[in-house]
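All residue numbers in this chain count up from 1 along the given sequence. Every heavy atom of this structure was used, including side-chain atoms; hydrogens, water molecules and symmetry mates were not.
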Amino acid sequence: MALLTPEDLANMTNALVENDRLITELTDYSLDGLCRKIYGTVPRNEKIAIIPVTAGNGIIGSFSESLLFTVQHFGMDGFITENTDVAGYYEAVTNGADIILMADDLAYIAHNLRNGKIAHNQICTGRIYAEILCHAKDYADDKDVLVIGLGKVGTPALETFLNEKQNVYVFDVDSKRVDEILTDYPVFKYDPAKEPKSFFKIFEATPCADTICESALKENSIVSTPGIPLGISDELIEKYKVRVVSEPLGIGTLSMLYDVFD
Ligand code: NAD
Ligand code: 2YG
Ligand code: MG
């Protein structure tokens, strides 16, 4: 898995605020309002503990701080434990934490200690970035959506689109993965070389740049993408007046928290 770097998180606070503004413009829901709608949950003064984890490649500078910013920005009560790992877990629980946020190199989870619910970042990130497109008010009647990247984030996004009755077109550089997806889900293959098609709604979750080609775009397309780095060039954004929802950590984190709330 591609790991976040402190550079990815350098502008995270501004990006979260700016993306919340854009999501509200596109959907008429603020980010927390959209989470409330799709999960049917609300925060109830839970105390959220963020535990830094040293396993594997270790602490990522600004990771815990970015989670704390997200929690507090949306009016919730959070703290970063002074200790890391197991000692941090003990500190969190003995200090009354209701929800634990912690990540190693393989999994970033939210665990609600009161109701037992657990959430995984990849699933919740795919889901919220997909729901943003499903709720795009300008394109409520256009059901076609392109999904680029069919991995651990893209697959739950695809499932969300199908649940929301969208027509899903899929692309991945790994043709075996495309074949698996075509076998398992009622989706269409997107093949820009043989059959170009353009979309108002594009979801992207790959670790590569420039995955979104010009022929996939329409004037005023919306790209909703957790992928790092960004999959669309500045030139194409400008040329097609594309609105891009993209932020490295906070949107997915809020989605995880609403997934484990009551
Ligand atoms: P993954 O490795 O499980 O899946 C990535 C998929 O993209 C693979 O199927 C791969 O074959 C495909 N791919 C790679 N290059 C491609 C290309 N050029 N064109 C089309 N498909 C291509 O990874 P993942 O866990 O699904 O994560 C995807 C991206 O999302 C990563 O960049 C990850 O860092 C990022 N991510 C961001 C957030 C966030 O909050 N912004 C959260 C989780 C993951
Ligand atoms: O506690 C810490 O500082 C570290 N142990 C956190 C490690 C997180 C590793 N995971 C990633 O970098 C991501 N691919 C998942 C994070 C979700 C948002 N992109
Ligand atoms: Mg995010």
Side-chain angles (χ1 to χ4, degrees), residues 1-13 15-16 19 46-73 76 78-95 97-113 116-129 148-157 159 172-174 176-177 180 204-209 211 225-231 246-260:
M1 179 199 294
L3 299 181
L4 280 171
T5 66
E7 293 70 44
D8 293 329
L9 296 172
N11 192 33
M12 179 273 175
T13 56
L16 185 57
N19 276 271
E46 290 88 347
K47 201 167 172 181
I48 301 165
I50 297 152
I51 305 174
V53 172
T54 65
N57 283 283
I59 305 285
I60 296 173
S62 304
F63 185 85
S64 293
E65 292 74 12
S66 299
L67 302 189
L68 185 62
F69 175 81
T70 304
V71 164
Q72 293 179 337
H73 178 70
M76 297 175 277
F79 67 101
I80 301 172
T81 58
E82 285 178 16
N83 292 287
T84 65
D85 307 295
V86 178
Y89 192 94
Y90 182 80
E91 180 188 333
V93 174
T94 53
N95 280 291
D98 300 299
I99 294 175
I100 303 284
L101 288 177
M102 60 183 176
D104 66 11
D105 296 350
L106 292 180
Y108 166 28
I109 62 163
H111 189 192
N112 187 325
L113 303 176
K117 289 186 185 177
I118 190 161
H120 197 295
N121 176 259
Q122 289 162 330
I123 295 170
C124 293
T125 299
R127 181 159 181 199
I128 186 67
Y129 278 82
I148 302 173
L150 305 171
K152 294 183 266 332
V153 176
T155 305
E159 290 171 348
D172 195 292
V173 75
D174 176 354
K176 273 202 235 144
R177 184 65 189 145
E180 281 171 8
E204 197 266 13
T206 83
C208 295
T211 54
T225 174
I228 301 170
L230 196 59
S246 161
E247 182 280 331
L249 189 56
I251 294 175
T253 295
L254 197 71
S255 179
M256 294 163 70
L257 288 169
Y258 273 79
D259 195 13
V260 301

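- I228 places a side-chain heavy atom less than 4.5 Å from the side chain of L4.
- Between the T155 side chain and the L150 main chain, a donor and an acceptor come within less than 3.5 Å of each other.
- Side-chain atoms of K47 do not come within 3.5 Å of backbone N or O of M76 as any donor-acceptor pair.
- The main-chain N or O of G252 is never found under 3.5 Å from a side-chain atom of T125 such that the two would form a donor-acceptor pair.
- The backbone N or O of A119 lies less than 3.5 Å from no partner atom in the side chain of D259, so there is not a single donor-acceptor pair.
- Separation of atoms OG1 (T70) and CE (M256) is listed at 11.0 Å; rounding is to 0.5 Å.
- Taking CD1 of I51 as the start and NE2 of H111 as the end, the distance is 11.5 Å to the nearest 0.5 Å.
- Between N112 and I118, every side-chain heavy-atom pair lies at or beyond the 4.5 Å cut-off.
- In the model, E91 has no side-chain atom that pairs as donor or acceptor with a side-chain atom of T81 under 3.5 Å.
- Counting heavy atoms from C-beta outward, D105 and V53 have side chains that stay 4.5 Å or more apart.
- In this structure, S255 and C124 approach most closely via the heavy-atom pair OG-O, 2.8 Å.
- For E247 (side chain) and L249 (main-chain N/O), a donor-acceptor pair under 3.5 Å exists by modelled atom type.
- Between the OG1 atom of T206 and the CG atom of D174 there is a distance of 12.5 Å, given to the nearest 0.5 Å.
- Listed for the D85 side chain is no donor-acceptor partner under 3.5 Å among the backbone atoms of A87.
- Using a 4.5 Å cut-off on side-chain heavy atoms (C-beta onward), M12 and P248 make contact.
- Taking both residues in full, the closest heavy atoms of P229 and P207 are given as CD-O, 3.3 Å, listed atom of the first, atom of the second, then distance.
- In this structure, the side chains of I59 and F63 stay at 4.5 Å or more apart for every pair of heavy atoms.
- Looking at heavy atoms from C-beta onward, Y129 lies in side-chain contact with I251 at the 4.5 angstrom threshold.
- Summarising the geometry of H120 relative to A107, their closest heavy-atom pair is NE2-CB, 3.7 Å, with the distance given to 0.1 Å.
- Residues Y108 and T253 form a side-chain contact, since some pair of their non-hydrogen atoms from C-beta on lies under 4.5 Å apart.
- Although no hydrogens or angles enter the test, the distance criterion places no donor-acceptor pair under 3.5 Å between the side chain of D172 and the main chain of R177.
- Rounded to the nearest 0.5 Å, atoms CZ (R127) and CD1 (I123) are 10.5 Å apart.
- In this structure, CG in L16 is found 11.0 Å from CG in N11, a value given to the nearest 0.5 Å.
- Taking CD of E204 as the start and OG1 of T225 as the end, the distance is 4.0 Å to the nearest 0.5 Å.
- Although no hydrogens or angles enter the test, the distance criterion places a donor-acceptor pair under 3.5 Å between the side chain of T5 and the main chain of D8.
- Under the side-chain contact (heavy atoms from CB on, under 4.5 Å) test applied with V260, the options I100, L113, I99 reduce to a single match, I99.
- By the 4.5 Å heavy-atom criterion applied to side chains, L101 and V71 are counted as neighbours.
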For this session: Any chance you could lay out the side-chain contact (heavy atoms from CB on, under 4.5 Å) test for N95 and F79, step after step, and finish with the verdict?
Result: CA-CA 10 Å; N95 280 291; F79 67 101; 4.1 Å; yes

